[in-house]
Amino acid sequence: MENGRLRVETLGPLRAFVGDRELVLGPPKQRAVFAVLALCRNNIVSRDDLIDYVWGEAPPATATGNLHTYMSGLRRAFDQVGEALDSSGSGYSLRLGADGLDVVVAERVAARARASRADEDRVAAVEAFDEALACWRPGSALGGLPGPFAAEHRARVADLRLRLLMERAEVLLELGRPTAVAEQLQDHVRANPYHERLRGLLMSALHRSGQTADALAHYRELRKLLADDLGIDPSVESQALHASMLADSTAPVLASALAPALAPDPLLAPDPNPNPNPNPNPNPNPNPDPAPTPDPAPAPSAQPESLVRPAQLPRGDANFVGRVEAIHQVMEAARNAGGPQIALIVGAGGIGKTALAIRCAHLLAAAYPDGQLHVNLRGFDPRQPARTSADALHHLLASVNVKKIPDGRDQRAGLWRSIVRDKRMLIVLDNAESAEQVEDLLPGGGPSFVIVTSRNRLSGLSVRYAARRVAPGPLSADESLTLLFTAIGNGRVDGELAAARHLAELCDHLPLALRIAAEQVSAGAEVKIGDVAHDLENVRGRLDALRLPDDELSSVRGVLSWSYTRLDTKTARAFRLLGLVPGVGIRPEAAAALLALAPAQAADTLRDLAGQHLLETTAGSYWMHDLTRFYAEETSRLGEPDDSRQQALERLLEWYVRTLAQRYRATPSIRLPFTLQDDFPYELVSLGGQSERVAWCAQEWDNIAPLMRAAQRIGRHDRVWQLCYLLFEYFYAAGQARDWVETVRLGMRAADQLRDRVAQAVLHNHLSVAYSRLGENDAAVRELHSALRIVEDLGEEALRISILGNLASTLREAKDYAAALPHAEKAVALARDSGLIYYEAGTLDVLCELYVELGEFGEALRVGELGQQAARSCHNAMLEANILIALGTAEHGLGHADTAVEHFQEALRLSDSSDDYHAARALFGLAKVQHGQGRQGPAGGLAARALVLLRDLDAEDVDEVAEFLRGLDGLDRP
């Protein structure tokens, strides 16, 4: 980074500097994105969270695209100053040092001020508080920036500034300077009329300055405000201060009676160590000791009400494993005073949210000296209804020893916020059902930290309070194995290591499932890990196996059912129908067809299911963990009528057929060998050029292949062979040849079931190309002769042309040029007579390649140039690339190296990143030109690149390229 380090100001209008140079951060939303990344420095912020933080609860459909645009704009802003913005598959992060963020600097200086005060160096403390407060700039924090994250930052740093002002005022009172305090705090009290600690400081300053009447007037105003607006009385501390002023007793007047403990803040110290254990490393040991049990709270009768310190954290999981990154995120959220002071741990049932929350809470406990609270909100408890906010507030107030708890929820919430405002407390709200259930339980401000767990995303909290969302996924393979070592024993796992790894895979690396399986193994010395794994291999019985008898809480099916039963009727039906999807994921457009919903409704439904972690989302596609998918299949079998299931799958099949058929229906020169009705009310994915279509098929192949098998099972043989036909372009350009053969054979079986002779002829033709790609030319010729016999009496001229062209091409590859040439010439003549430009281009391509191999390079150029014109006119880049490679080879044969290179390079450009086959052939053509010019090193490098692509495709050309490379033996090639 040029001339200095990045420095970001957020305690005022957002500004960023490198050295003395200010960066131009762009329009407001782009600046808001940068502000989030700066305040979450060095941590990856997911794209979903960025959208929540900047757009709020109702982002526009263009939010994802806009976010990409804003990140591009920020990268341009950083072009000249080095790379500070990082991106990953899950989101973005900004590399920024602690000294580079003003709010972190302010907190660090504040920690120094507190340390000086603890050492009774009050003058140094005031100077440090002044230095910290000087970090604020004129104007509102992040002024003019949209979004809930910016709004929450403004509220938090305003609260932080107020706390620093109060601590400074306390020190000034200790130094005997009450007049300065009274002058300083008047405006702040008017802005924060309910703030008892602030008003108590002003009352103390006024009283000690000889203005007792004004101090008593402030108390009366406070009492009236609290009674009229909140229905509560002033706190015990305020009442004690009032009584002391009335008695004119100076001893209790010190405002420190109103302040919490002011020891140096361990969260904000330069080298924090929040772990209460002697080991300073906050990262969990894979096999930790049980978390320490906190000191029990003193009995209410043993000390005054104001000194009760709750310590309610449950004992931590002795076998806690992994989660290093998730723990780091929670700890960072706690340390980051400028960011959210709420951490949301969200995820699917059984993923280990509560264990993670309790682990983090024990690590942080020492940093919250006013106590640790734990409330089970029972949001997904099968045995009891979810806890109401009013009931949870009663628990919280009773926990801090409030004797008289108001009846109304609003009054309880107001009293809770008043009590906790100036406390440093750690609050764990476990198993929340919704944001609404949690909202009244949150502190209104102050230094407390809240950890919330839920199966829902709780977007309301993320949006309104910029809460930091932490979403732990399944354990890694190594973490799963460590859990089994811990739970079963090293000796037994070591003795069946392969079976243990397989068991972890069958458990989907889900902590709950792993613990249940481990318990089943541990039930007796005679139980083998391999036996339990064998039981789980039965997909239909896996959910039955992953449960403990007579323990509803220890059942994967039970955990999933609690989420399922919370769904409304429409969303529950969507979950059941999604259980029919046999692939690895589903796009929103495809889901709309499956669910028979409008696109917006389908997208909302998918988001609802993802929000409750019954679906996961990656790169615009939704998917289920294996165990969730098995449960969805089960609910579909049990809860959805057979005709509904059949119709849903048929809609999904038709969606894929129509999406792939768009290209053919938009190109008059290519006629589909089947018909589609015009009415289909569901939105298709718009696929542009050939490279985009091939790339889309590559992404969707793991969905299409199992869907074809599902279509065969439900008797939709027409959809099977239609999909097989429509995948030709993908397989020819980038697919695995052996997968292609298997797929066409599946299509052939479907065509035979239908006795559809056109389908049979088409697929014999396609199968010949697949065999040819594998170098099995005899098999390819047999398929083509079978196709010709079928097509003779069908009157399908275009199909006959295609078969003749492929027969000529296959015989050429078999070096039987005499037999190939008449078929190629006949195919060209028929194509010209038919007026079908696509087939004319294809047959001219075959004839051009034949002339190249016969060494008739002049004829090859004449025919190939006509073929190139035809290919361009029908916008077929793949066909044009093939012709260009033949033209390049002919020019090279004539000794025209420069022209040959131009043809090969143009073919490489047309192949783009989706047509690996033609890219490899173009690279090999360039290699041969380089070799002919004596440039063996570049020739070897180009051929090596071609070989990698061809091996991935399992193409017959591998042998030719490998032989070429062996001829360059001894060269230093990449």
Checklist entry - Between H207 (side chain) and S244 (backbone), is there a donor-acceptor pair under 3.5 Å? => result no

Next on the checklist: Any side-chain to backbone donor/acceptor pair from S448 onto M425? Under 3.5 Å, distance only.
Outcome noted: yes

Checklist entry - For the side chain of R208 and the backbone of L173, is there at least one donor-acceptor N/O pair under 3.5 Å apart? => result yes

Checklist entry - Taking C-beta and beyond as the side chain, do I342 and V438 meet within less than 4.5 Å on heavy atoms? => result no

Next on the checklist: Any salt bridge linking E167 with R117? Criterion: basic side-chain nitrogen under 4.0 Å from a carboxylate oxygen.
Outcome noted: no

Item to check | From CA spacing to verdict: side chain to side chain contact (heavy atoms under 4.5 Å, CB included), D159, Q341 | outcome: CA-CA 12 Å; D159 183 75; Q341 294 194 267; 5.6 Å; no

Next on the checklist: Working note: I327 + C360, criterion side chain to side chain contact (heavy atoms under 4.5 Å, CB included); need CA distance, chi angles, decisive distance, verdict.
Outcome noted: CA-CA 6 Å; I327 290 174; C360 292; 3.9 Å; yes

Checklist entry - Looking only at atom types and distance, does a side-chain atom of H362 sit under 3.5 Å from a main-chain N or O of P314, one as donor and one as acceptor? => result yes

Item to check | Electrostatic pair R137-D102, nearest N-O below 4.0 angstrom | outcome: no

Next on the checklist: Could you go through R469 and D52, starting from their C-alpha distance and side-chain angles, then the distance that decides it, and tell me whether this counts as side chain to side chain contact (heavy atoms under 4.5 Å, CB included)?
Outcome noted: CA-CA 11 Å; R469 186 184 285 119; D52 285 348; 3.4 Å; yes

Checklist entry - Would you call E439 and R464 a salt bridge, using N to O less than 4.0 angstrom? => result yes

Checklist entry - Atom CD in E107, atom SG in C135: separation rounded to 0.5 Å? => result 10.0 Å

Checklist entry - Parallel under 30°, tilted from 30 to 60°, perpendicular over 60°: which one fits the rings of Y53 and F149? => result tilted

Checklist entry - Hey, is the main chain of C40 close enough, under 3.5 Å, to the side chain of E332 for a donor-acceptor pair? => result no

Checklist entry - Would you say W416's side chain and L441's backbone share a donor-acceptor pair under 3.5 angstrom? => result yes

Checklist entry - Restricting to pairs with a member in residues 25-37, which pass side chain to side chain donor-acceptor pair (under 3.5 Å), not counting sequence neighbours? => result none

Checklist entry - Quick one: do D440 and R412 make a salt bridge, cutoff under 4.0 Å? => result no

Checklist entry - Is there side-chain contact between L364 and Q372, with at least one heavy-atom pair below 4.5 Å? => result no

Next on the checklist: Could you tell me if the side chain of R7 sits less than 4.5 Å from the side chain of V18, heavy atoms only?
Outcome noted: no

Checklist entry - salt bridge (charged side-chain N to carboxylate O under 4.0 Å, His left out): which pairs involve residues 176-195, sequence neighbours left out? => result D187-R190

Checklist entry - Counting N and O atoms only, with roles assigned by atom type, does the side chain of S116 sit under 3.5 Å from a partner on the main chain of R112, one being a donor and the other an acceptor? => result yes

Checklist entry - Does some side-chain heavy atom of T179 sit less than 4.5 Å from a side-chain heavy atom of Q211? => result no

Next on the checklist: Just so I know, are the side chains of W136 and L160 near enough to count as touching, which here means a heavy-atom distance under 4.5 Å?
Outcome noted: yes

Next on the checklist: Is there a side chain to side chain contact (heavy atoms under 4.5 Å, CB included) between V126 and D130? Walk through the geometry before answering.
Outcome noted: CA-CA 6 Å; V126 172; D130 286 340; 3.8 Å; yes

Checklist entry - Counting distance only, does the side-chain N/O of H153 pair as donor-acceptor with the main-chain N or O of L11 below 3.5 Å? => result no

Item to check | Validation row: Y92, V45 side chains within 4.5 angstrom (heavy atoms) | outcome: no

Checklist entry - Looking only at atom types and distance, does a side-chain atom of R154 sit under 3.5 Å from a main-chain N or O of S140, one as donor and one as acceptor? => result no

Item to check | Student check: side-chain heavy atoms of L94 and R41 closer than 4.5 Å | outcome: no

Checklist entry - Quick one: CZ on R197 to CG on N192, what's the gap to the nearest 0.5 Å? => result 12.5 Å

Next on the checklist: Any side-chain to backbone donor/acceptor pair from R199 onto P193? Under 3.5 Å, distance only.
Outcome noted: yes

Item to check | L162 vs H195 side-chain heavy atoms within contact, under 4.5 Å | outcome: yes

Checklist outcome for this item: side chain to side chain contact (heavy atoms under 4.5 Å, CB included) test vs I345 passes for just one of V452, L458, V330, namely V330

